Amino acid sequence: MTQTEESELRDTIEQYRNARLTRRDFVQRAAVLGISASVAASILAACGGGGGGGGTTTGEEGQPVQGGVLRMGYDRAFQKLDNVVGPWADEPFTAIYEVPIIRDPGGKFVSSVAEAWEFSSDGLTLSMKIREGLKFHSGAPLTAANVAEDFNIFRTTGVTANFWAPVKNVEEGENNSVVLTLSKTNYGLIETISTLFQSIHNEASRKAAGEGWGATTVDATGPFTLKTFKPASEVVVERWPDYPGSGVPFVTNKGPAYLDSIRWVPILEPANRANEIETGSVDIVKSPAAQDISRLQSNDDLVVLELQELSNYFITIDRTRGALGQPGVAQAMSHAIDRQALVDTVFFGHAVPTYGPIFPAYRWYDPGVEAYNEYDPDKARDLLKSAGLSELRFTLLTQNQPIQVQVLEAVGGMLREVGITMEVKAVEDAAFFPDMFAGKPDAFMFKWLWESPTDNMRFFGRVPSWDYNGNPPKSMAGIDAWESAATEEQLEKACRQVQLAWAEELPFIPLVTQSLVWVHHKRVHNFRPTQTSIYPLFNDVWIEA
Amino acid sequence: MSVEQVVHVPSGHEPARRLREALTLLFANKLASIGALLAAAFVVVGVAGSVIVLVPGLDHLYTDQNLRAALLPPLAPDHVLGTDHLGRDLAWRVVTGSGISLMFGVAVTAISMAIGMVVGSIAGYYGGIADRLLSGAIDFTWGFPVILLAVVLGGMLSPGLLVVGIAVASVTWAGFARMIRAEAISLHEKEFVEAARALGVSGPRIIVRHLLPNMLGSTLVLGTYYVAAAIIVEASLSFIGLGAQPPMPSLGQLIATGRNFLSVDPWVAVVPGTAMALIVLGLNTFGDGLRDVFDPRLRRW
Amino acid sequence: MIRFVLSRGIRAALIFVVASVAVCYGLRVAPGSLADIVTNPLNRAFAVKDLEERLGLDEPVIVQYFVFVRNIMGGDFGVSFISNRSVTEIIATGGLNTLKLGGAAAILTYFISVPLGIMAAARRNSVIDQGSMLIAVLGMAIPNFFLAILLVRLFAVELRWLPAAGQGGIKHLILPAVVLAAEAIAINLRLVRASVLEQLSRDYIRTLRAKGASERRVVWIHAFRNALPPVITFGGVMLRTLLGYTLVVEVIFRYPGLGFELVDSVLKRDYAVAQALALVFIAGVVLFNFLADLGHHLAEPRIRERGAAG
């Protein structure tokens with residue numbers, strides 16, 4: 001890179017930072033300077049979030065005002081706010097619950113309910129010191145005993161119980177600490193412990209609430225308490241005046257929250273999300289339709305924030321099923337897919353192509369995956385030919401959601417170009433999940449959304465089964481390496497190993513990672529989503545009267 | 001079914017003259033003739049669309065995508081009505097959608113018409129206990145909100161065209177039955193029916209040979225409205241996710257997808273929306289015209 | 001009269017029983033299950049079994065039905081499996097909202113279609129007549145969901161006069177009520193116009209006019225009064241149709257009425273809510289049927305059978 005090019009790049013980054021450039025423009029300009037999209041994306045990530053018309057202002061924004069109702073437009077129908085067996089961790093989770101450990105904006109693990117933690121030198125014991133003086137919404141004090149009790153629930157009946165398998169025992173230790181005993185080294189446990197489904201709650205209250213847990217009752221430690229739960233129309237939380245303060249270093253407000261309450265409404269139709277923030281019926285909206293983003297960016301009352309979502313769209317094909325299981329077929333399909341075109345057309349540039357199983361903004365993303373799965377229809381045809389297939393036809397099952405269907409329609413057109421006919425069957429969730437888990441369809445599409453990306457491969461490698469996914473030896477070895485890593489270095493190495501193996505063997509075929517876009521009205525302040533969490537924290541947020 | 005059959009009248013009128021009269025009447029009514037033309041145009045479009053759907057190898061017309069030419073406005077080169085969000089030709093998609101919607105409407109209406117004819121003529125011709133039972137069923141079913149039924153059925157089976165079809169047919173048959181029963185009662189007393197009965201012609205035979213041909217006119221009128229209604233119901237349900245499931249390009253689906261792009265390219269929703277409105281308009285005004293022809297008593301409507 | 005009410009009442013009850021069996025059974029044999037909605041895919045195998053046992057979903061359908069009937073008899077509609085709200089409360093709040101919306105739509109329908117229809121009939125082929133026929137034609141041709149997106153675009157997004165969706169004051173009611181009423185206005189307009197026109201051609205009108213009654217009196221009092229029966233009869237059909245369309249309109253406008261809740265619970269397989277709401281709707285249909293019959297009975301003692309056109 002010449003000196004002028006370098007200064008031009010610096011200029012470009014500066015412009016992007018100051019929000020004079022949209023993300024798309026940035027990537028385009030960077031491309032002119034010979035920088036690949038993924039490098040550009042990582043620069044963007046390093047810039048701390050994405051740019052938008054309104055820009056990302058992370059500095060101090062005047063004196064916070066106490067009070068007010070924040071109205072949030074959410075892009076899904078709400079599920080029970082149940083941290084133990086709930087079907088989905090929705091946005092109110094970060095308002096009413098707190099996790100033991102949390103990821104800071106750079107991806108480093110920092111304190112929340114736990115103030116310190118440490119693996120023993122043999123990696124077989126993890127001790128975790130719990131903050132003093134904490135309590136639950138109900139007023140009951142929170143001690144290490146409560147956390148130990150929760151962990152025991154999580155590892156036996158929780159959503160991520162599988163990921164707790166190496167933990168033999170959890171008990172209260174000295175000095176308000178929790179001691180986890182492992183049967184083998186598993187540094188990745190920290191990753192799991194920092195996900196929303198390990199949010200700390202008062203088990204006694206959960207037992208008493210029964211079916212009402214997560215709906216009529218939540219007794220946890222977050223800065224807000226649950227007020228109303230009408231999943232189809234609204235979820236309301238209220239400030240908890242007795243909140244002892246956040247233990248999270250990047251939360252600046254150490255007292256109770258500024259907002260009186262937060263009211264979420266589900267806005268399921270993508271186009272309506274832009275409509276509703278423009279017409280002022282909500283103050284913040286998550287994931288407006290991609291095609292509306294530029295319009296929102298040009299609105300002076302609004303601020304558009306763009307990050308890479310901790311997610312990935314992928315297609316899984318049944319390798320046990322005749323032609324689909326032929327060597328090279330998954331690769332042929334992958335080469336037939338023009339991911340950049342998907343990004344440009346379906347997502348209007350608000351997404352990134354993924355050639356491996358993890359999105360580029362992840363701290364351990366391995367750009368090596370980009371060598372696989374590039375768009376090459378000729379190669380796809382060759383691979384099909386060497387698999388002895390002149391034609392391939394299968395039916396793919398998907399959830400009936402607008403974006404999913406659009407992606408699949410576009411992919412279907414691309415596959416047709418190389419002689420593969422993919423029929424799409426879109427069904428509602430209640431019909432999708434049983435079939436998917438039973439391995440009934442020839443193929444299915446799904447979007448994972450999870451804070452620990454490697455966990456998705458651990459999970460979806462086994463969905464519906466490793467057999468269905470072709471028992472890919474290198475990927476399985478990579479998962480093993482992750483699951484037995486003893487240090488952060490080993491964990492990172494395993495993560496890269498899995499990514500590369502996955503990109504080569506394609507137990508599932510990654511497609512794109514869409515942008516996580518938040519739009520907020522300018523009267524909302526300190527709303528700071530991070531690249532490393534699915535949802536922002538709400539304790540700092542305040543709203544002008 | 002030809003117009004000639006429809007106006008078949010056994011009381012001695014000369015069919016050709018009746019037909020001429022009918023056509024004159026139809027075209028004397030300006031609105032009705034516009035409707036007839038519109039409906040005829042869309043029947044052509046619908047047939048073309050059905051051919052595209054049914055004949056293998058033609059699907060490329062509406063599925064061929066060109067992501068580099070997405071969301072073109074109408075009158076773009078090679079795309080008269082522009083393209084959709086994946087660069088597919090909107091004109092072909094609307095033709096296909098009209099085909100699917102019309103096929104759906106006609107098929108469902110034909111089925112309910114058949115059921116309605118059987119039930120209605122039995123109830124009306126035989127009367128008595130059969131009539132009381134069947135009338136009860138007709139009265140309850142007639143006017144039952146189709147959408148409610150389709151939503152509940154959609155929950156029981158998997159949502160899709162089939163479910164909507166079942167829901168529509170399970171309600172609209174009663175509309176036909178109700179009307180045919182009333183007509184059968186009045187025809188029952190007519191001379192030619194009594195004459196046939198006196199000659200010892202069997203009940204079913206009288207129904208088939210004498211009653212039904214005389215009702216074809218009004219049945220057809222009602223059918224026209226029901227085709228339009230079925231199309232709207234299907235589209236409404238598609239719009240809230242309980243009708244035709246994507247990627248099947250029924251008109252309702254096209255509008256539902258297109259509305260997401262209203263801010264960037266309104267045509268993607270407006271073109272299929274207009275097509276739908278025109279089809280319904282054509283069918284309704286055509287129906288009005290037909291009614292004027294077949295049922296002068298109701299001409300005032 | 002009493003006999004009429006009694007016989008129709010028995011029939012309504014019978015229909016209701018049949019419908020409740022159908023709904024209860026149908027929703028339970030549906031593909032897909034509540035368990036897949038309210039439990040996490042990640043620990044599905046464990047959670048599904050546990051959940052089904054707790055909720056009694058592992059019992060035979062027939063047992064579940066009688067449990068349901070027994071509970072209803074005791075006034076207990078159960079609780080939503082998802083939100084844990086009592087179904088009675090959902091029906092109460094949703095029902096109130098739907099009543100507001102349906103009421104607004106019904107008022108809109110009659111306040112627009114009746115005067116306009118009479119004016120159109122009184123001044124045949126005038127601008128008013130042609131204009132109202134245009135409204136009638138468009139109202140029937142434009143599907144209400146398409147009308148909804150056009151109106152939202154215009155009045156909410158472009159002009160910012162009205163909210164795009166949601167629930168709140170009168171402002172939130174306007175767009176959904178207009179959309180819901182559009183088709184009914186169109187049909188009623190035609191009906192009122194035709195009915196008044198027919199009366200105006202009658203002899204008694206000529207007599208009245210000859211007697212020197214003012215034209216206004218002739219049209220608005222005499223002709224209209226005699227033109228009412230078909231409008232009233234049609235009212236029953238119209239209310240049923242409106243009831244059906246609330247499902248679509250409430251979903252489009254995210255308006256938390258019964259229709260919205262029903263569609264949501266059906267899609268989520270929340271049986272307790274879905275079956276109760278379906279029954280509430282069917283009860284509504286049966287009631288409207290009954291009222292229409294009654295109105296018809298009172299308006300025209302000699303029940304006139306007529307084609308269902310329109």
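Below, chain A is the first sequence line, B the second, and so on; all start at residue 1. Bear in mind that the values here come from a model prediction, so they are computed numbers and not experimental data.
The CD1 atom of C/Ile82 sits 6.5 Å away from atom CD of A/Gln79, with the distance rounded to the nearest 0.5 Å. From C/Thr93, atom OG1 reaches atom NZ of A/Lys230 across 5.5 Å, with rounding to the nearest 0.5 Å. Taken from CD in A/Glu278 to CD in C/Glu158, the straight-line distance is 8.5 Å, to the nearest 0.5 Å. Separation of atoms CG (C/Asn84) and CH2 (A/Trp213) is listed at 12.5 Å; rounding is to 0.5 Å. Atom-to-atom distance recorded for A/Thr279:OG1 and C/Leu162:CG is 10.0 Å, nearest 0.5 angstrom. For the atom pair CZ (C/Phe253) and CG (A/Asn272), the distance works out to 9.0 Å, reported to the nearest 0.5 Å.
Contact tally against chain C (heavy-atom pairs below 4.5 Å) for A/Ser233, A/Ala232, A/Gly212: the top residue is A/Ala232. Across A/Pro231, A/Ala274, A/Gly214, the residue that shares the most heavy-atom pairs under 4.5 angstrom with chain C is A/Pro231. The candidate with the highest count of non-hydrogen atom pairs below 4.5 Å against chain C, out of A/Ser281, A/Ala271, A/Ala215, A/Ala77, is A/Ala215.
A distance-only check finds no donor-acceptor pair linking the side chain of C/Arg160 to the backbone of A/Gly280 [under 3.5 Å].
Heavy-atom distances place no part of A/Leu81 under 4.5 Å from chain C, backbone and side chain included. Interface remark: A/Phe78 contributes backbone atoms only to the contact with chain C (heavy atom separation under 4.5 Å). Residue C/Tyr255 does not touch chain A at all, counting heavy-atom pairs closer than 4.5 Å.
Residues of residues 149-157 of chain C placed with any heavy atom under 4.5 Å of a heavy atom in chain A are listed by number as C/Val152, C/Arg153, C/Ala156, C/Val157.
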* To do: May I have the step-by-step check of side chain to side chain contact (heavy atoms under 4.5 Å, CB included) for C/Arg254 and A/Glu269, ending in yes or no?
  => CA-CA 10 Å; C/Arg254 212 164 44 68; A/Glu269 202 53 53; over 6 Å; no

* Please test C/Arg269 against A/Glu428 for salt bridge (charged side-chain N to carboxylate O under 4.0 Å, His left out), starting from the C-alpha separation and ending with a verdict. => CA-CA 10 Å; C/Arg269 304 283 189 264; A/Glu428 80 276 41; 3.0 Å; yes

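Applying the side-chain contact (heavy atoms from CB on, under 4.5 Å) test to C/Ala181 and every residue at least two apart in sequence or in another chain returns C/Ala105, C/Leu108, C/Thr109, C/Ile185.
At most 12 non-hydrogen atoms from other residues, nucleotides or ligands lie less than 6.0 angstrom from NZ of A/Lys425. Annotation for C/Leu159: atom CG counts as buried by contact number, over 12 foreign heavy atoms lying within 6.0 Å.
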